Amino acid sequence: MLKLPLKVNSLLVKSLISFLAIIALLASFNFLSFAFFKTNIEREIIQNNRVALKTAADRYEKHIAIIKTMLFKLYQNEQVVSFGRQLAAKDPGAVNYLKPADIVESIRRDINNPFLYMDNVFVYYAAASFTVDKNGTGDAARTFSQFYVSEPYTLGFWNRQFSQAATTQLHPNRLFSIVSSDKQNKQLIPMTVKLPGYPHMIIGMLDAGQLHESFYGNNGPAFTIVHSDGSVIFDSSGPDTASKPIPLAEDQDYTLQDNTYYFTYDSEETNLTYMTSVPYSSIASQIRKLEVTLLVLFAVSVAIAAAASVVFSRKINAPVKQIIASLRLRSPEVVRSSIYEFKLINEISRELIRERNEIHEDLQSKTSLLTDFGYISKLKKLASGSNEWKDTIVQNRPFRIVLFQLHIRTSRHQAMPAKPDRLTYAARECIDLMFAEPFPNSRTLQMESNQLVSVVFGDDRRELLERTLAALKAIFDQDSGHYAVTAAVSSFYPEGSDFNLAYRETLERARQAKLQDGMQLIWDDVREVHHFVFTAQEEQELYSHLQEGGGAACVQLVVRMLEHMARKEAFRVQYRTFAQGVAAKVLKVTDKAKIEPEPAGQLSDMVADLEDCFTLDDYKRFLETFIGVAAEAVKRRRDEKDPVVEFFFAYLEEHYSEDLSLDSVADRMNMSSTYLSAYIKEKTGTNFSDHLNNVRIRQAKEMLAGTSMSIRDIGEKIGYRNDTSFIRMFKKSSGLTPGDYRKRAALEGNAGLQL
């Protein structure tokens, strides 16, 4: 190998000098940045703590305002106020104990919002020592001594709040021992709302831990909320009943005392002061760590950069010297350049270009494989959304595109004649063979495992193409039991520049395929068909029948929709979307019903069989089988014998017209209301109030369809003392008002149908 003398203007020397100059520049910049950073780091840390505190305080303020608005809305709720007046009258006969059910529902709806961070809300009626919360109703003394227990928040404490002047008040957080379906301990911040002249008070329990984690984070400095009277509302280090002094001078929002930085933020709206305390040693240690880290990084980066500059310079220079040594015998030409090696490279490059052109001309005569690659490259770019095509391989001639989409049956119950990729390969060979004679320059490309694209060049000969595709259809239809083919034909395009438009046109037409066996030819765009979904009433019927285990009624509803889609000539993809939606709804009901693992697994496996649905009968058979398995599993689950559940349902069926409540039923069954509610929910998946409403609404439907009683009388007969509540619950359950339901029942009865 020829060795070159080391020259001042050589590539090695000049690249090494350039690297070192860049290293020196970056090192100086790094040093200046380090000096500036060191003088400002403490200020930045202080500013970051101030901003973090202000951000957390703003979040707390906004959240307190939201909770206050929510509690005032509940406080002035008509049902809350009217029920309090009934209790204050101390006339048991005048008290409507159905009202708390709606109050409980309203409370649950509010506290179930995960972004409110509420554990519970109590409506406390002092005159009757009665409470209403998310778990139901109860005696106030028992509630605050057994279910929500914390010092000093006893019944006496809440009674004293009625004599306080403030309408709203945040109280210090404490650890509450909570007993509901299980026992747990939580840090809660109580908020009370009351107004003069009202016999009740609202007590909201804010989850202190979740508020702190969401609005400030558990990894930050100590965080404290202090009331204007000095009481500590919240302290991240733990609840503290003592007042917490704020060592802060006027006109300052932070100070340094006893080697600790104190940051505060005062709120004029809530009279709260938010405070964090950061030990000075923590800030100083961060500064020292950063100083050491920056110095180490500076030294290491300079050393690595210097070593890398030498290595990279040699690596850049060595290949150039090898190229020069191998091509040294060529005829040199004078090139004006300050780098010695580049002169030799330029001398040789012209020869290389000449040889490249010769090779390229040779390759142009063998373009078959490259042309296929060019088409595939274009189609791939289309799929990725790119429109920049710079290759010149694709022929610029008139053409049509035929897209073949293979729908291969992959049922696990059916023996495949060959693997899907082998079927696609065989289909491609068949298409090539059929197109070879009538269209000699055509090309067929495999874009996906089940997608083929044929490009047919030449003048527009549609009749010849139709005959060729008809012959292909006769061949493919012989194997229709294993796969179906959709052939989408593009319009005729006079120039190859429209290739992207033609391909997208065939993709869109392929999506317009209808349900049918065998090969389907699509030459033109099909009018768009509207979406096919259940109405709200039909969907409610589907859910109701499934929950009752009525598979036949569900199948009838689904088949009616499928036949409607067939009459409207729906697309294949619309059938698939509809069937997948029905399967998802069925799985949702079975999951809620907690069916046995074996039918649940069977249903999950059956979803894959949708891939084998090619005709309307296929979809009918699949959905009928799928719904049948699900309905039978739900029915078996409902029919499981449980003495408690059987007695519960029997009691509701016999006493639904009475003024029932969870407490009254629990007393009749010698159980606590909390235990009964949890037990029924676990065994049936539905709570007490929903079961009671279902029984009443079912009885109401029978009376509406079979009697001439007025809607008010029917509502009173089934246990609703308020006709407005009856109408609202009936419409929520059936999707119709009682009057509309009676009209529909009459019309269907005249037509000989059954409700």
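All values derive from a computational prediction rather than experimental measurement.
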Looking just at side-chain N and O atoms, do [X] and [Y] make a donor-acceptor pair shorter than 3.5 Å?
X: Tyr117; Y: Ser214; answer: yes
X: Asn120; Y: Tyr148; answer: yes
X: Thr444; Y: Ser454; answer: yes

* Qualifying salt bridge (Lys or Arg N to Asp or Glu O under 4.0 Å) pairs with a residue from residues 57-71, counting only residues at least two apart or across chains ->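 Checked against salt bridge (Lys or Arg N to Asp or Glu O under 4.0 Å) - neighbours excluded - the pairs reaching residues 57-71 are Lys54-Asp58.
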Does any part of the side chain of [Y], heavy atoms only, come nearer than 4.5 Å to the side chain of [X], both counted from C-beta?
X: Gln451; Y: Leu406; result: no
X: Tyr262; Y: Met275; result: yes
X: Asp133; Y: Val121; result: no
X: Met191; Y: Ile189; result: no
X: Thr260; Y: Val278; result: no
X: Leu272; Y: Ile233; result: yes

Of the non-hydrogen atoms in [X] and [Y], which two are nearest, and what is the gap between them?
X: Ser150; Y: Leu175; answer: OG-O, 3.1 Å
X: Met205; Y: Leu188; answer: CB-CD1, 4.0 Å
X: Pro190; Y: Pro172; answer: CD-O, 3.6 Å
X: Ile107; Y: Leu74; answer: CG1-CD2, 4.0 Å
X: Ser236; Y: Pro221; answer: OG-O, 4.5 Å
X: Phe234; Y: Asn173; answer: CA-OD1, 3.6 Å

* To do: Look at the aromatic rings of Tyr274 and Tyr60 and report parallel, tilted or perpendicular, splitting at 30° and 60°.
  =>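 Correct class here is tilted.
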* Parallel, tilted or perpendicular: which fits the ring planes of Phe144 and Phe122, with parallel below 30° and perpendicular above 60°? ->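 Taking Phe122 first and then Phe144, their aromatic rings sit tilted (interplane angle of 30° to 60°).
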Among residues at least two apart in sequence or on other chains, which ones pass side-chain hydrogen bond (donor to acceptor under 3.5 Å, both in side chains) with [X]?
X: Lys585; answer: none
X: Tyr153; answer: none
X: Thr276; answer: none
X: His227; answer: Asp229

If you round to the nearest 0.5 Å, how far is [atom2] of [Y] from [atom1] of [X]?
X: Ile202; Y: Lys73; atom1: CD1; atom2: NZ; answer: 13.5 Å
X: Arg443; Y: Ile401; atom1: CZ; atom2: CD1; answer: 14.0 Å
X: Tyr261; Y: Thr255; atom1: OH; atom2: OG1; answer: 9.0 Å
X: Gln184; Y: Ile178; atom1: CD; atom2: CD1; answer: 5.0 Å
X: Ile64; Y: Thr168; atom1: CD1; atom2: OG1; answer: 10.0 Å
X: Asp207; Y: Gln187; atom1: CG; atom2: CD; answer: 9.5 Å

* Go through Leu603 and Leu587 one step at a time and tell me if the side chain to side chain contact (heavy atoms under 4.5 Å, CB included) criterion holds. => CA-CA 8 Å; Leu603 290 172; Leu587 291 176; 3.9 Å; yes
* Asked: Given His171 and Phe157, is the ring-ring contact (aromatic ring centres under 6.0 Å, His included) satisfied, shown in steps?
  -> CA-CA 11 Å; His171 301 279; Phe157 174 87; 5.3 Å; yes
* **Residue pair Leu206, Ile67: steps toward the side chain to side chain contact (heavy atoms under 4.5 Å, CB included) verdict** => CA-CA 9 Å; Leu206 286 77; Ile67 298 303; 4.1 Å; yes
* Verify, without hydrogens or angle tests, whether Thr506 (side chain) and Tyr503 (backbone) share a donor-acceptor contact under 3.5 angstrom. =>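 Judged by distance alone, yes, a pair lies under 3.5 Å.
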* **Any donor-acceptor N/O pair, Arg576 side chain to Leu610 backbone, under 3.5 Å** =>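 Indeed, once roles are kept as given, a pair shorter than 3.5 Å links the two residues.
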* To do: Run the numbers on Leu452 and Leu445 for side chain to side chain contact (heavy atoms under 4.5 Å, CB included), then give the verdict.
  => CA-CA 6 Å; Leu452 301 172; Leu445 316 169; over 6 Å; no
* Would the number of heavy atoms belonging to other residues, nucleotides or ligands and lying under 6.0 Å from CZ of Arg108 be above 12? ->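 Counting other residues, nucleotides and ligands, CZ of Arg108 exceeds 12 neighbours.
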* **Neighbour count >12 (heavy atoms, 6.0 Å) for atom CD, Glu268** =>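 Check fails, neighbour count at 12 or below.
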* Take Thr224 and Val232 through the side chain to side chain contact (heavy atoms under 4.5 Å, CB included) test and state the conclusion after the steps. => CA-CA 7 Å; Thr224 307; Val232 178; 3.9 Å; yes
* **Residues in salt bridge (Lys or Arg N to Asp or Glu O under 4.0 Å) contact with Asp119, at least two apart in sequence or another chain** =>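 Listed in chain order: Lys186.
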